[in-house]
Amino acid sequence: MDRRVFLVLLLAGCADTSANAPLAPSVTPPKPPAVPPPAPAAPSADPGASGQSVGFDTWLAAFKQKALAAGLTQQLLNRELDGVTPDPKVISLDGRQPEFSKPVGAYIQGVVGDDRIAVGRDKRQTLAFLPDVEQRYGVPRDILLAVWAMESAFGKIQGNFDVVRSMASLAADGRRRNWAEGELIAALKIIASGEVTRAQLRGSWAGAMGQTQFLPSNYLSTAVDNDGDGRRDIWGSDSDSLASAANLLKKGGWKPGVGWAKEVILPAGFDYGLAEGPREIPAWWEAKGVRRADGLPWTAADAASPAGLILPAGWSGPAFLVLPNHFAIRTYNNSTSYALGIGLLADRFGGGGPLVASWPVETPLNLADRMAAQIALARLGFDPGPADGVIGAGTRKALRAWQTDRKLPADGYLSSDMVARLKAQAGIS
């Protein structure tokens with residue numbers, strides 16, 4: 001979901017954030033060049049509608065008119081926005097491109113660490129409110145604990161940026177103006193409600209707040225008061241935080257009683273081109289020789305659910321049949337790697353063991369190589385989309401087609417070996 005823009009950087013490029021989402025790192029596009037402040041415009045103007053940076057004061061005058069139209073008062077706007085200046089650190093972070101992409105296996109191994117597993121197993125036994133939250137929202141406690149662990153290290157790392165200033169900085173900069181203005185209006189509405197003060201409204205540089213890292217709009221629509229103190233406190237209340245996460249996942253389509261994914265073993269000669277393809281019930285996959293890695297039978301609910309195959313590290317790494325709740329997790333953060341991290345961590349919290357297959361040892365791909373691979377695919381007649389270094393669905397589809405043409409395993413996974421082969425065939429040095 002859009003609230004998780006900042007994880008593009010936080011996860012070292014492992015998150016995929018769109019329908020063209022990468023299994024290898026996402027890359028934030030570079031910030032547009034700075035534009036000198038223009039002459040003051042009428043407050044009703046819409047400066048930077050094209051997405052370009054404008055002078056902060058010019059943007060602010062126009063934004064105040066939009067905020068008034070959204071129902072905020074002039075008194076509130078003057079009190080909270082007068083004297084606000086853009087935060088150069090926020091603009092710098094928003095424009096930063098990760099140079100190297102962390103291999104998904106290394107990312108998952110970092111996520112599912114022994115120390116984190118131990119903390120999660122302890123909390124699942126000691127937090128008395130968890131059974132009630134689990135029953136009310138239908139989301140397993142282990143999934144909620146995994147979200148909590150991933151988002152804020154069980155509440156320890158929440159970010160200390162002024163959310164109002166951060167959103168104003170991003171809006172004036174212009175690259176994501178509509179989104180940032182919407183979140184700024186939401187933040188101001190939170191302050192206007194009296195539920196949270198401006199001083200308490202702290203979060204990441206991109207506005208994600210509290211123990212479960214909600215954007216202001218998600219706080220307004222989805223946060224809940226689970227401890228009954230009359231305040232939805234996702235900063236200080238573990239109970240409110242995890243119940244709010246459960247409510248978000250429920251709204252995202254979580255299906256009670258259904259799993260999120262199972263590791264599977266693929267037979268010799270399997271058609272790897274089926275990855276990221278059809279979603280069929282497990283029996284359909286079993287007819288093609290696919291077997292659960294743990295050797296256990298499917299539950300009735302899982303056996304009746306559509307499942308898709310993913311090969312996050314290519315044909316030589318672990319394979320998974322992902323069930324509907326995998327995609328519910330991705331409404332929290334639309335990243336295959338993130339959803340895998342949440343699910344695998346939750347499995348370990350619940351007493352499950354490690355994966356059967358090992359993650360391959362890989363060399364991180366740098367931005368230049370990722371872009372070179374896309375340029376090579378285009379030169380060879382396989383359209384990957386723009387050469388932006390984001391290895392998303394379009395690039396993977398083009399890579400599968402090229403791999404098929406070359407009689408290689410068509411898993412669509414861009415390894416360092418695939419980069420070298422592509423560059424050599426396309427004549428790129």
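The model shown is predicted, which means the values in this text are computed figures rather than measured ones.
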Is it true that a side-chain atom of [X] and a backbone atom of [Y] form a donor plus acceptor pair closer than 3.5 Å?
X      : Y      : answer
Thr222 : Tyr219 : no
Ser244 : Val224 : yes
Ser92  : Pro88  : no
Glu134 : Arg141 : yes
Trp285 : Ala307 : yes
Asn325 : Ala328 : no
Gln158 : Trp235 : yes
Gln374 : Val390 : yes

Within-4.5 Å side-chain heavy-atom neighbours: [X] and [Y]:
X      : Y      : result
Val84  : Phe56  : yes
Val356 : Asp294 : no
Tyr137 : Leu242 : no
Arg165 : Ser169 : yes
Val196 : Ile191 : no
Thr212 : Ser152 : no
Leu340 : Pro312 : yes
Phe320 : Val264 : no

Closest approach of [X] and [Y], non-hydrogen atoms and distance?
X      : Y      : value
Ala387 : Ile375 : CB-CG1, 3.7 Å
Pro409 : Tyr272 : CB-CD1, 3.9 Å
Val111 : Leu345 : O-CD1, 3.9 Å

Intermediate values then yes/no, salt bridge (charged side-chain N to carboxylate O under 4.0 Å, His left out), Arg176 and Asp94: CA-CA 10 Å; Arg176 292 179 285 130; Asp94 188 48; 2.3 Å; yes
Residue pair Arg330 / Ser335, side-chain donor-acceptor N/O under 3.5 Å: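 No, because no side-chain N or O of Arg330 sits under 3.5 Å from a partner of the opposite role on Ser335.
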Donor-acceptor pair between Glu362 and Tyr413 side chains, under 3.5 angstrom: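 There is such a pair between these side chains.
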Among Asn226, Asp227, Asp225, Asp229, side chain to side chain donor-acceptor pair (under 3.5 Å) partner for Ser237: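 Among Asn226, Asp227, Asp225, Asp229, the one that satisfies the side chain to side chain donor-acceptor pair (under 3.5 Å) with Ser237 is Asp227.
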Aromatic plane relationship, Trp260 with His326 - under 30° parallel, 30 to 60° tilted, over 60° perpendicular: parallel
Trp59 and Phe63 aromatic ring geometry - parallel, tilted or perpendicular at 30°/60° bounds: parallel
Those residues that, when tested against Asp87, pass side-chain hydrogen bond (donor to acceptor under 3.5 Å, both in side chains) (two or more places apart): none
Pairing residues for Glu263 by the side-chain hydrogen bond (donor to acceptor under 3.5 Å, both in side chains) criterion, not counting sequence neighbours: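 Expected list: none.
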Steps toward side chain to side chain contact (heavy atoms under 4.5 Å, CB included) verdict (Val290, Trp284): CA-CA 9 Å; Val290 177; Trp284 186 90; over 6 Å; no
Once you round to the nearest 0.5 Å, how far does [atom1] of [X] lie from [atom2] of [Y]?
X      : Y      : atom1 : atom2 : result
Thr395 : Arg400 : OG1   : CZ    : 11.0 Å
Lys251 : Ser221 : NZ    : OG    : 4.5 Å
Arg202 : Gln200 : CZ    : CD    : 11.0 Å
Leu184 : Leu60  : CG    : CG    : 9.0 Å
Phe270 : Asp411 : CZ    : CG    : 11.5 Å
Leu414 : Ile391 : CG    : CD1   : 5.0 Å

Report, as yes or no, whether the 6.0 Å neighbourhood of atom [atom1] on [X] holds more than 12 heavy atoms from other residues, nucleotides or ligands.
X      : atom1 : answer
Asp82  : CG    : yes
Gln74  : CD    : yes
Arg279 : CZ    : no
Trp359 : CH2   : yes
Lys255 : NZ    : no

Criterion side chain to side chain contact (heavy atoms under 4.5 Å, CB included) on Tyr338 and Tyr332, from CA distance to verdict: CA-CA 9 Å; Tyr338 176 88; Tyr332 208 106; 3.7 Å; yes
Arg121 vs Arg348, side chain to side chain contact (heavy atoms under 4.5 Å, CB included): CA-CA, chis, key distance, verdict: CA-CA 8 Å; Arg121 287 179 175 176; Arg348 298 300 301 275; 4.2 Å; yes
Verdict with reasoning, Leu266 to Leu311, per side chain to side chain contact (heavy atoms under 4.5 Å, CB included): CA-CA 11 Å; Leu266 306 179; Leu311 304 172; 3.9 Å; yes
Test: Arg292 cationic atom under 6.0 Å from Trp298 six-membered ring centre, within 45° of axis: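 Positive - Arg292 is close enough to the ring of Trp298 and near enough to its axis.
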Row check, Phe214 ring normal vs Arg232 NZ/CZ: under 6.0 Å, within 45°: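 Output no; distance or angle outside limits.
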List the atom pairs, donor and acceptor, that lie under 3.5 Å between side-chain atoms in residues 142-149 and the rest of the protein, sequence neighbours left out.
{"from": "Asp142", "atom 1": "OD1", "to": "Arg124", "atom 2": "NE", "distance (Å)": "2.7"}
{"from": "Asp142", "atom 1": "OD1", "to": "Arg124", "atom 2": "NH2", "distance (Å)": "3.3"}
{"from": "Asp142", "atom 1": "OD2", "to": "Arg124", "atom 2": "NH2", "distance (Å)": "3.0"}
{"from": "Trp148", "atom 1": "NE1", "to": "Gln211", "atom 2": "OE1", "distance (Å)": "2.7"}

Evaluation steps, salt bridge (charged side-chain N to carboxylate O under 4.0 Å, His left out), between Asp162 and Arg198: CA-CA 8 Å; Asp162 174 357; Arg198 169 74 174 276; 2.8 Å; yes
Trace of the salt bridge (charged side-chain N to carboxylate O under 4.0 Å, His left out) decision for Asp173 with Arg175: CA-CA 6 Å; Asp173 186 58; Arg175 190 173 69 82; 5.5 Å; no
